[in-house]
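Here the structure comes first, spelled out in structure tokens, and everything after it is commentary.
Please read these numbers as outputs of a predicted model, since none were measured by experiment. Counting convention: from 1, in listed order, for ligands and their atoms alike.
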Amino acid sequence: MKSYHSILIRYMSSKSWMERHVRDTFVKQSRYQNYRSRAAFKLIEMNDRYRLLKPGMIVIECGAAPGSWTQVIVECLRINPPECYKTGAVIALDKADFAPIPGAICLPKTDFTSHISQANILSALSDRKADLILSDMSPNVSGQHDYDHERIMQLVYSTIRFSSICLKDQGNFLAKIFNGNQTEKLIEDLSKMFQKVRQVKPEASRADSTELYVLATGFKGRENQIL
Ligand SMILES: C[S@@+](CC[C@H](N)C(=O)[O-])C[C@H]1O[C@@H](n2cnc3c(N)ncnc32)[C@H](O)[C@@H]1O
């Protein structure tokens, strides 16, 4: 019997996937607005709903390539050119290579899970703390849901541990997950560290995907670290 994985690969390379991609309004819109990918619209929507990005903020963005979220962040923080007396900063990293985005501190070829990478991020922060930590990191999807869920959870927990070191009190955290059997425990863990935790499915996130975002607001401070 063919594995789900091989069926998925065949589906994605099939004409119907390509046709759907070309028809996709978010793909069209991203080309029109010069975003590097349709993912931009997920952050735009979540930002419109929850007012996450403001000029003057320090933002750490994990899993930034090809860079459409970074483009949105630079616009919202108004850092290129600096339009605000309180200029903020975005540190955008990815384990893949990606072209620099004017206004952002870009760390391509940076695996977030390595200690050296996290030390580099802390040094780019230079004693400041972050207002917002974002993760759109995603492992290479195998098509085996439980395995992919487990791997993205490892990335999310690594981001949570890092957040407890360098997030400001009352700071916010947003991370992508694939919904699965560890989601409830994740929400429980985040609820101990943050005042409010929500699960968000933006319209630009494909309805047939288990992709979901967890938004945790109001960091209670390092003394409430649970991991
Ligand atoms: C969905 S893409 C991000 C899209 C991005 N938000 C944008 O708007 O262009 C997921 C990214 O997570 C990155 N990633 C996965 N594991 C990572 C890790 N351990 N460290 C850093 N980046 C990682 C992948 O290389 C990939 O570029």
### Summary
shortest atom 11 (C) of ligand 1-to-protein heavy-atom contact is with Asp94 OD2, 3.5 Å

### Query
Is it true that Lys42 lies under 4.0 Å from ligand 1, counting heavy atoms only?
no

### Message
Can you report which non-hydrogen protein atom sits closest to atom 10 (C) of ligand 1, along with the distance?
### Response
Asp136 O, 3.3 Å

### Option of least heavy-atom distance to atom 4 (C) of ligand 1 (set: Pro139, Ala65, Ser68)
Ala65

### Task
Could you tell me whether ligand 1 has any atom less than 4.0 Å away from a heavy atom of Met137?
yes

### Query
Are Arg206 and Glu211 close enough for a salt bridge, meaning some N to O gap below 4.0 Å?
no

### Message
Contact between ligand 1 and Ala40 is defined here as a heavy atom of the residue under 4.0 Å from a ligand atom; is it met?
### Response
no

### Ligand-side contact atoms (ligand 1) for residue partner Ala39, heavy atom cut-off under 4.0 Å
8 (O)

### Task
Provide the closest heavy-atom pair for Arg78 versus Pro55 in the form atom of the first, atom of the second, distance.
NH1-CG, 3.7 Å

### Task
Do me a favour and list the nearest non-hydrogen protein atom to atom 15 (C) of ligand 1 with residue, atom name and distance?
Ser138 O, 3.1 Å

### Query
Counting only heavy atoms not in Glu203, do more than 12 sit closer than 6.0 Å to its CD atom?
no

### Top protein contact for atom 16 (N) of ligand 1, by heavy-atom distance
Lys95 CE, 3.8 Å

### Over 12 non-hydrogen atoms of neighbours within 6.0 angstrom of NZ in Lys129
yes

### Task
Could you tell me which atoms of ligand 1, counted from 1 in the order shown, lie closer than 4.0 angstrom to a heavy atom of Asp111?
18 (C), 19 (N), 20 (N)

### Query
Is there a heavy atom in Thr110 that sits closer than 4.0 Å to ligand 1?
yes

### Task
Please could you name the atoms of ligand 1 that Phe112 approaches to less than 4.0 Å, counting only its heavy atoms?
18 (C), 19 (N), 20 (N), 21 (C)

## Note on the structure
Under 4.0 Å from one or more heavy atoms of Ala64, ligand 1 contributes atoms 5 (C), 7 (C), 9 (O)

### Query
Hey, is Pro66 one of the residues with a heavy atom under 4.0 angstrom from ligand 1?
yes

### Message
Any heavy-atom pair between the side chains of Gln154 and Thr113 that's under 4.5 Å?
### Response
no

### Distance (rounded to the nearest 0.5 Å) between Leu186 CG and Ile152 CD1
10.5 Å

## Note on the structure
Residues Trp69 and Ala39: closest non-hydrogen pair is NE1-O, 3.0 Å

### Message
To check you understand the geometry: which heavy-atom pair defines the closest contact between Pro66 and Ser37, and what is its length?
### Response
CG-CB, 4.1 Å

### Message
For the CZ atom on Arg151, are there more than 12 heavy atoms of other groups (residues, nucleotides or ligands in this structure) within a distance under 6.0 Å?
### Response
yes

### Query
Side chains of Asp131 and Val59: closer than 4.5 Å at any heavy-atom pair?
no

#### Entry: Under 3.5 Å: N/O of Lys176 near N/O of ligand 1
no

